[in-house]
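Step one of this worksheet: look at the structure below.
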Amino acid sequence: MKDTLKALILSAAQKAHDAGALPNNGFPEVILETPKVQAHGDFSTNFALISASIQKLSPKRIAQAVVDHLDNTQQWIEKVEVAGPGFINFHLHPSAWHRVLEAVLTQGRRYGALNLGKGTRIQVEYVSSNPTGPLHVGHGRGAAVGDSVANILAFCGYDVQREYYVNDSGRQIETLGRSVYLRLKALSGSKDPFPPECYQGEYIRHLAREILDAKETLPAMAPEEAGVAFCARYAAKKITEGMRKDLERFGVIFDRWYSEQSLYDAGKVERTLSELTDKGVVYEKDGAWWFRTSAYGDEKDRVVIRKDGQPTYFASDIAYHRDKYERGFETVIDVWGADHHGYIPRMEAAVEAMGWSKARFKVILVQLVNLLRGGVPVAMSTRAGEFVTLGEVLDEVGKDAARFLFLARHHESPLDFDLELAKTQSNENPVYYVQYVHARISSILKKGQERGITEAAYSEEAASRLTAPEEVQLLKALSGYPEVIHMCAVHMEPHRIPFYLMDLAAFFHAYYNKHRVLSDDPVLTHARICLVLAVKEVIRNGLSLLGVSAPEKM
RNA sequence: GCGCCUGUAGCUCAGCUGGACAGAGCAACGGACUUCUAAUCCGUAGGCCGCAGGUUCGAGUCCUGCCAGGCGUACCA
């Protein structure tokens, strides 16, 4: 619809030029927007305003010239006017919107899908929390954002892989092993002190008890080094399993869990570093090995191998990202907590130094979550091991509410997540507002079936009966869905979907309260069934991209 | 100190990458269920878009400088 209108405007401008009304035939791209104010029509363009400098005419005269040469033989434009400083406003005939219904009903769950990706392989890596403790709400937000972005990209024609990077190596894992080991010893009567740098959480004690109960005490109580290593392996595995379960409950399923340790085992870290040394971007200084990231825009060089010979996290991360590109991903997207933003320049540097354009590396930063209960902040201290886990949030508020709320905000905005609000099943909670539309429509359709109305295929005749303002408004909203998806995909911003859905839901509820779908008029009933069926489809479609269910009844 | 993010109605947030008089939802107030689900709808009220300059026909949006909050600035991850 937009495209036809654009073409119409361009050809009008061309005709105006041929007729001598416009001196110059250099025309800018036509930008159409949907005005906020209804009085400004269904679409408006600033075409005349941006043309003013080229045409050396006042915008109003240009606009008038275009309007005079507009070809409206199809009659679907009801009214065109020049307004304000030179906007051209188009008021469309209600019938112009009817075809949207046909599009939704025939394309079904593919409605809004765009082939932006054309099969391009793209990887989204998200959550990737260290297996040193359970997932908390912040991880939940990252999971929701990453998962939804992956959904949207897949919907738009990309070949998407979802990956979780398991940091099962290095210092933190050692600390984890030590923490469990010490708790285990304490259970057998040891009075060794528990150092503050160890993980304080209650789950560490649980793990220790588990080992004890499983009668695996023997290997665990082996000489310290071996005992710690055993505990580390055991705990990391258990914690990772727990994360996987929480994420599954949250509706997040990864295609692959990629182990950091496996990079070392396969010699990939070593190989990458030696190749980079050969290239001259890794050098030795002060007993440590440094990556020359400053040559690629980072503010300083970064250590990859510490003085003590241990590789840093950065070292394996370089090898990991190299591996991603070698696996054939055209674009790699990392979803990180905003507290890692300082890490971006060095990772970009690494990607570039290895020979890939940094345009192929994208980071989505997700801001932190402030957890509240009834407006009061909930104390969260990782160090003291006091925090509300994702699992607990899911127990309390459920998957749908949590996901919707996480996604109903721009990911770069800090988020206040109120547990009380999230679980209230009232109009304060937008999830149910949207889901309710789906349930209501399902109920109507069921009722319709009981009355023997089963056929709901699009027909021109029926659609032409949809002339009420509320109906036209719904049709307009439906026609805007593909563009919302487009914006989401291009900007990797899922939050546009919840906002769109709330608008669509509002239009539907208003419509529902004013008009009856099932009436004595069979043609009108058919038309309205088609309409609500289309609304239902789009609601379901949008919710599924968020990972939120669309219930048949509530 | 430097870097990144944020600042819009009492609260929580949108604002389509520069467009028309700034939009929702909650909360407040007043109305609507003998009807396909009232988890709904209709109406009222609410604003120096953090502050000050600049660019532009036109700025919440772009530039500069301040102010406030958050985060980062490791041979931690």
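Not measured: the values here are computed from a predicted model.
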- [ ] Using a cut-off of strictly less than 4.0 Å, decide whether A/Arg306 has a side-chain nitrogen or oxygen near OP1 or OP2 of B/rC76.
- [x] yes

Open item on the list: What contact category does A/Tyr343 fall into here, base, sugar-phosphate, or nothing, at under 4.0 angstrom with non-hydrogen atoms?
Closed with: base

TODO: Taking the six-membered ring for Trp and the full ring for Phe, Tyr or His, determine whether the centres of A/Phe87 and A/Phe47 are under 6.0 Å apart.
DONE: no

TODO: Scan A/Glu299 against the nucleic acid and name what it touches under 4.0 Å (heavy atoms): base, sugar-phosphate only, or nothing.
DONE: sugar-phosphate

Open item on the list: Please classify the nucleic acid contact of A/Asp308 as base, sugar-phosphate, or nothing, using heavy-atom distances under 4.0 Å.
Closed with: nothing

Task: Side chain A/Asp400, main chain A/Ser549, donor-acceptor under 3.5 Å - done: yes

Open item on the list: Please classify the nucleic acid contact of A/Leu445 as base, sugar-phosphate, or nothing, using heavy-atom distances under 4.0 Å.
Closed with: nothing

Task: Sugar-phosphate, base or nothing in reach of A/His340, heavy atoms under 4.0 Å - done: base

Task: Nucleotide B/rA14, atom C1' - distance to NE2 of A/His491 in whole Å - done: 14 Å

Open item on the list: With a 4.0 Å cutoff (strictly under), does any side-chain N or O of A/Tyr165 reach OP1 or OP2 of B/rA77?
Closed with: no

- [ ] Report yes if at least one side-chain N or O of A/Ser413 is closer than 4.0 Å to OP1 or OP2 of B/rU12; otherwise report no.
- [x] no

Task: Aromatic plane relationship, A/His340 with A/Tyr343 - under 30° parallel, 30 to 60° tilted, over 60° perpendicular - done: perpendicular

TODO: State the pairing partner of B/rU44; accept Watson-Crick or G-U wobble contacts with both distances under 3.5 Å, and report none otherwise.
DONE: B/rA28

- [ ] For A/His438, answer base if it contacts any base atom (sugar-phosphate contacts may also be present), sugar-phosphate if it contacts only those atoms, and nothing otherwise; contact means non-hydrogen atoms under 4.0 Å.
- [x] nothing

TODO: Check every strand shown and say whether A/Phe499 touches a base, only sugar-phosphate, or nothing at a heavy-atom separation below 4.0 Å.
DONE: sugar-phosphate

- [ ] Return the nucleotide paired to B/rC33: Watson-Crick means purine N1 to pyrimidine N3 with N6-O4 or O6-N4, wobble means G-U with N1-O2 and O6-N3, both under 3.5 Å.
- [x] none

- [ ] Would you mind telling me which of B/rC36, B/rC41, B/rC76 lies closest to the side-chain atoms of A/His509?
- [x] B/rC41

Task: Check: A/His341 side chain, B/rC5 base, donor-acceptor under 3.5 Å - done: no

Open item on the list: Is it the case that the ring center of A/His509 lies less than 6.0 angstrom away from the ring center of A/Tyr433?
Closed with: yes

- [ ] Identify whether any heavy atom of A/Lys300 sits under 4.0 Å from a base atom; if not, whether one sits that close to sugar-phosphate; answer base, sugar-phosphate or nothing.
- [x] sugar-phosphate

Task: Qualifying residue for side-chain contact (heavy atoms from CB on, under 4.5 Å) with A/Tyr165, from A/Trp257, A/Tyr258, A/Tyr126 - done: A/Tyr258

- [ ] Side chain of A/Glu412 only, please: which of B/rC36, B/rU6, B/rA77 is the nearest?
- [x] B/rU6

Open item on the list: Would you say A/Arg440 places a side-chain N or O within less than 4.0 Å of OP1 or OP2 belonging to B/rA38?
Closed with: yes

Task: Closest-nucleotide ordering on RNA chain B, the 5'-leading residue of A/Phe87 and A/Arg346 - done: A/Phe87

- [ ] Select base, sugar-phosphate, or nothing to describe what A/Ala288 touches, counting heavy atoms under 4.0 Å on all strands.
- [x] base

Task: Which nucleotide in B/rA20, B/rA38, B/rC16 has an atom nearest any side-chain atom of A/Met487 - done: B/rC16

TODO: With the side chain of A/Tyr432 defined as its heavy atoms from C-beta on, choose the nearest nucleotide among B/rC16, B/rA77, B/rA39.
DONE: B/rA39

- [ ] Counting heavy atoms from C-beta on, name the nucleotide in B/rC36, B/rC71, B/rA77 closest to the side chain of A/Lys447.
- [x] B/rC36

Task: Base-pairing assignment for B/rC49 (Watson-Crick or G-U wobble, both under 3.5 Å) - done: none

Task: Residue closer to the 5' end of RNA chain B, A/Pro414 versus A/His515 (nearest nucleotide) - done: A/Pro414

- [ ] Look at the side chain of A/Asn46 and decide which nucleotide, out of B/rG19, B/rU17, B/rC75, has an atom nearest to it.
- [x] B/rG19

Open item on the list: Base of B/rG72, side chain of A/Asp339 - is there a donor-acceptor contact under 3.5 Å?
Closed with: no

Open item on the list: With rounding to the closest Å, how many angstrom separate the C1' atoms on B/rA24 and B/rA45?
Closed with: 16 Å

TODO: Mind checking the CZ-CD spacing from A/Arg465 to A/Glu471? Nearest 0.5 Å is all I need.
DONE: 9.5 Å

- [ ] Tell me whether A/Tyr433 is stacked on the nucleobase of B/rA39, counting only the six-membered base ring and applying the 5.5 Å and 30° thresholds.
- [x] no

Task: Nearest listed nucleotide, side chain of A/Asn167, among B/rA77, B/rU40, B/rG19 - done: B/rA77

- [ ] For the side chain of A/His495, starting at C-beta, report the closest nucleotide among B/rU40, B/rG15, B/rU12.
- [x] B/rG15

Task: Validation row, ring centre A/Trp289 to ring centre A/Tyr283 under 6.0 Å - done: no

TODO: Answer with yes or no whether A/Thr132 presents, from its side chain, a donor or acceptor under 3.5 Å of a partner atom in the base of B/rA77.
DONE: no

TODO: Tell me what A/Asn89 touches on the nucleic acid: a base, only sugar-phosphate, or nothing, going by heavy atoms under 4.0 Å.
DONE: base

Open item on the list: Can you tell me which nucleotide in B/rC13, B/rC75, B/rC16 comes closest to the side chain of A/Arg409?
Closed with: B/rC13

Task: Counterpart base for B/rC4, defined by Watson-Crick or G-U wobble contacts under 3.5 Å - done: B/rG70

- [ ] State the pairing partner of B/rC62; accept Watson-Crick or G-U wobble contacts with both distances under 3.5 Å, and report none otherwise.
- [x] B/rG54

TODO: Could you check which nucleotide pairs with B/rG23 in any of the strands shown, counting Watson-Crick or G-U wobble with both distances under 3.5 Å?
DONE: B/rC13

TODO: State whether A/Arg516 places a side-chain N or O below 4.0 Å from either non-bridging phosphate oxygen (OP1 or OP2) of B/rU35.
DONE: no

Open item on the list: Please check: side-chain N/O of A/Asp301 versus main-chain N/O of A/Ser294, any donor-acceptor pairing under 3.5 Å?
Closed with: yes

Task: Residue A/Glu33, side-chain atoms from C-beta onward, closest of B/rG19, B/rC41, B/rC36 - done: B/rG19

